[in-house]
Each structure stands twice: as structure tokens, then as C-alpha cells.
There are 2 protein chains.
Amino acid sequence: MRNKITSISPSIIRRLPIYLRLVQELKEQSILTVSSQEMGDHLDLNPAQIRKDLASFGEFGRKGVGYDISYLDWKLRQLLNLDRHIGVALIGAGHLGIALSNYARFQLERITIAAVFDRDPQKIGMQIGTLTVADFNDLTVICQKQDLQMGIIAVPASSAQEVCDALVSAGIRTILNFAPVNLRIGPNVHLRNTDVTTELQALAYYLDQK
Amino acid sequence: MRNKITSISPSIIRRLPIYLRLVQELKEQSILTVSSQEMGDHLDLNPAQIRKDLASFGEFGRKGVGYDISYLDWKLRQLLNLDRHIGVALIGAGHLGIALSNYARFQLERITIAAVFDRDPQKIGMQIGTLTVADFNDLTVICQKQDLQMGIIAVPASSAQEVCDALVSAGIRTILNFAPVNLRIGPNVHLRNTDVTTELQALAYYLDQK
DNA sequence: TAGATTGTTAATCGATTAACAATC
DNA sequence: TAGATTGTTAATCGATTAACAATC
């Protein structure tokens, strides 16, 4: 159950950062152990689900006691590859790009936006925090030189596919897309979409007076 | 199957905006009908799923032909309440808030960010596009005066719960949260979370060299 | 008519939850 | 020891997909 061949379902993976967040909070409060029941109370999740999720990565709870906070913290970070440094390429130096870049600087410990790209000559050379906006044409060179491993697409929908393809050919296989388009990707690329338009429109369904 | 008592699953609701986006594209290309097969090809979805999703809102396909683009466009907008104007309150005039506000101005037809709020005196009075940042203390008054129906939380995690509570007591029942926290809400509130940190961390799981 | 495609039932798949023996 | 809680199996629930009669 612990080997890498058994692939873990995306639903579980998406809960791991949630668990990590809680564990960090508890750690800050100097709490030493936590039960699945307590975690479930905090996160509005079923304790059985939490136990099952964690158990898919090995046995590290203690019966009658719960989970050791320090170990759980370490384990979750290790699973999420947050025990090492991860460089991110951000494409698009518009408002969203700038917001993301500033946000990431403070929120994301080991994940760092290491380079920002744009195609607009007006934006190339612009300063965002400590970063200088680079030419999108230099994507591959810079990604390889800086060993970047993730990409964030923060460009308009019309150029998102092109940017996506460029990221993939620059060797990046893990992409977070903010543009409202269905991107076409190859089989080894991991893509997550997060799109304000879609979210708001879906929420609008629940408005009254239907 | 068409009445409002049968509640539609969230999975289906979240696909409706995706369908709408495609239908709009096809409409712009002056295409008149589309089959579930064609939609599935475009969206990487199973045609049976698309038919089933749409059928849960009534029968409006034509056997042997497919779906009428104009009608589908109209129907999806109606379902998503996009046939009327929706006013949104945005809380937080930081980089993310500004990015969202600017983004929404262009992308979201009927959904309009109608007011931006902040607690920071430095930001109150600031101009964002055509909007002036209002005092967060005036939330209830302004929401009611302008009949706002949705809220977007774009404040730091530490104040997100407070903002959420304020939105709910201002009568808003539909909230999109960008802060990395598990918000506590009552039973009649619809909340969606979208959080860059969580998304990036989940993606990091898939990086190589595990 | 022949071909295409819907709407819907049944089958499958996957995810969540309940239950409980094992054990700290 | 008695009480608590895990890890895991079995049961349930829900969502996706296959199949096909109905029919345009």
C-alpha cells in the first residue's frame, strides 16, 4: 500500500494541503498529537476519510493516541515535495500575475515564483518585487538555467494554449492555469484549472429567485 | 425531473459554465447545432455525461440532430441566473482584489463587481477602475442599497472569517473565498474556495523524483 | 428510408462512510 | 486495566459510462 506503483487518487492528493495547513496551525499552538476526530471537527471532514487518506501513505498513527503533529507535518511535506525548493515560472505580468507574484512571496515557503515572463515589450524589464519581467521568448532558456519545475499561466484566454505548449516544450510538466480555456495537454502533463469566471458563474446558480 | 425540488448535484452545476463557454464560442462561429459527441470532443468529456447533465434540466435536444446552439445558450444562462444582472461585493483592495476587479470588468458580462471594500484607511477612497474603495464598516448599508448578491473574499487568511461573517449578516449567501482558510458557514450559505497555495501544493505532489 | 443522436436505464466505477478488531 | 483511537474491511452512496430503444 505504500509503494509508488499504487497511484493515489486526485481527491486524496487535493486534501493533503488542507491537512498540512491544519497541522501547521496546531504545531504553532504547540499541540503534540491530534486524532482523526479532532482533525475532522476542524475541517468538516469525516474522520474515517482522514484516517483512510493518511493510511494510504503508510501506518504512522498511534492507536489510542492519534497522530504525532511533528511527524505528520514532516510526512505531508515530504509527500508534497515541500521538503525541497520548487521554482515556478509565471507567465503573464498583468494584474493577476503581479498579484500572484506578490502573494506567493509571502505565502508559499518552499514554492517560489522564480521568474515572470511576458510577451509585451512594454512589460519586459518591468520590476515586480525582486523580479524583472523577462521576455517570453526566453522561456526555455531561463527555465532550464534556473531548473524551474512548475508553471503558472496568467495570460488572457486567447494566448493560454500557446503559453501552455511553450511551457511543456520547455520541460515543465506541472501547470496551474488561470485562463478560462480548456487547454489541450499531453499525457504526462499535470494541469489544474482555476478560473474566477467559471467559479462565479457556478455560484450564480445558487442565487435565489429561480 | 425538471422541478426545483430535485436538487442538482454540484458536479453538474460546475460543468454548466464550461458548457456555456463552449456554446458561446460555437455561436460566434455561427454554428447552429452541436451534438453531445462534438461537445465531448471539445471538452474532453464523455458525451453520455453531457447528455445526462443537460437532460436533468428538461428535454431540449433533438434526436438525430443535437442541441440548438441558440437555445442551449439561452437555457444555460437562464439556469445560471445570467439572464439578469448580478452585483458582487469584493472585500479586499490588495493586489488580488485589484486584479479581480479589473479582470471582472472585462470577462464577466452580467456579473459585475459593484463595490470594493477594505478596512485599511490608506486604501479607503482609493480608485480602482471606476470604483472607489469603500469602508468595510459600511458593508451592510452598501450591499443593501445596491442589492448586492454575491461576495468575494480577497483578504488575508487572518481576517477572512470575520469578513465572511459580515457578508452573511449583510444578507449575502453566495461567497467565493480566495483566502487559505476553512471558513465556518451556516446552512444556507453557498461557499466556494479557490486558493493558490492549496492548488500549487497539490500540484507539487506530482513533481518528479519522489 | 437510412443514419444520426437524444434521453434514459442499467452497469460500472470510484469515493465516502460505518463498523469493529487490533492495540496503544 | 479501561478508554481511546487507529487501520482496514465491508457497506453505502454517488457519479460516470455503456448501451439501446425512441425518434428526428
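Chain letters run A, B, ... following the sequence lines, proteins first and then strands; every chain starts at 1. Note that the coordinates shown come from a computational prediction; the quantities given were computed from them, not determined experimentally.
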Within residues 140-175 of chain A or reaching into it, pairs that qualify as ring-ring contact (aromatic ring centres under 6.0 Å, His included) - sequence neighbours excluded:
none
All side-chain hydrogen bond (donor to acceptor under 3.5 Å, both in side chains) counterparts of [X], not counting sequence neighbours:
{"X": "A:Asn182", "value": "B:Arg21"}
{"X": "B:Thr112", "value": "B:His85"}
{"X": "A:Asp41", "value": "A:Gln37"}

Only counting residues at least two apart or in another chain, list the ones meeting side-chain contact (heavy atoms from CB on, under 4.5 Å) with A:Gln161.
A:Cys164, A:Asp165, A:Leu183, A:Arg184
With B:Glu38 via salt bridge (charged side-chain N to carboxylate O under 4.0 Å, His left out) - residues at least two apart:
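B:Glu38: no salt bridge (charged side-chain N to carboxylate O under 4.0 Å, His left out) contacts found.
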So which of residues 39-48 of chain A are in contact with DNA chain C, with a heavy-atom cut-off of under 4.0 Å?
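Contacts with DNA chain C under 4.0 Å: A:Asn46, A:Ala48.
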Check each residue of residues 10-21 of chain B for a non-hydrogen atom within less than 4.0 Å of any atom in DNA chain C, then write out the ones that pass by number, or none.
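Result for residues 10-21 of chain B: none.
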Let me know the distance between CD of B:Glu59 and P of C:dT5, rounded to the nearest Å.
18 Å
Between A:Ser9 and A:Arg62, the residue closer to the 5' end of DNA chain C by nearest nucleotide is A:Ser9
Report, one line per pair, each donor and acceptor closer than 3.5 Å where one atom sits in a side chain of residues 62-72 of chain A; sequence neighbours left out.
from, atom 1, to, atom 2, distance (Å)
A:Asp68, OD1, A:Ser70, N, 3.2
A:Asp68, OD1, A:Tyr71, N, 2.8

A:Ser36 vs D:dT6: side-chain N/O to OP1/OP2 distance below 4.0 Å
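Yes, within the criterion.
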Using both pair distances under 3.5 Å as the test, note the stems of at least 3 consecutive Watson-Crick or G-U pairs that include DNA chain D.
C:3-24 with D:3-24
Atom pairs and distances, side-chain donor-acceptor, residues 136-144 of chain B, under 3.5 Å, sequence neighbours left out:
from, atom 1, to, atom 2, distance (Å)
B:Asn137, ND2, B:Asp135, OD1, 3.4

Suppose we screen for ring-ring contact (aromatic ring centres under 6.0 Å, His included). Which residues come up paired with B:His95, at least two apart in sequence or across chains?
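Expected list: none.
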Residue A:Lys63, side-chain heavy atoms: nucleotide from C:dT5, D:dA10, C:dA22 that is nearest
C:dA22
Return the nearest nucleotide to the side chain of A:Lys52; candidates are D:dT5, C:dT6, D:dA10.
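Out of D:dT5, C:dT6, D:dA10, the nucleotide with an atom closest to A:Lys52's side chain is D:dA10.
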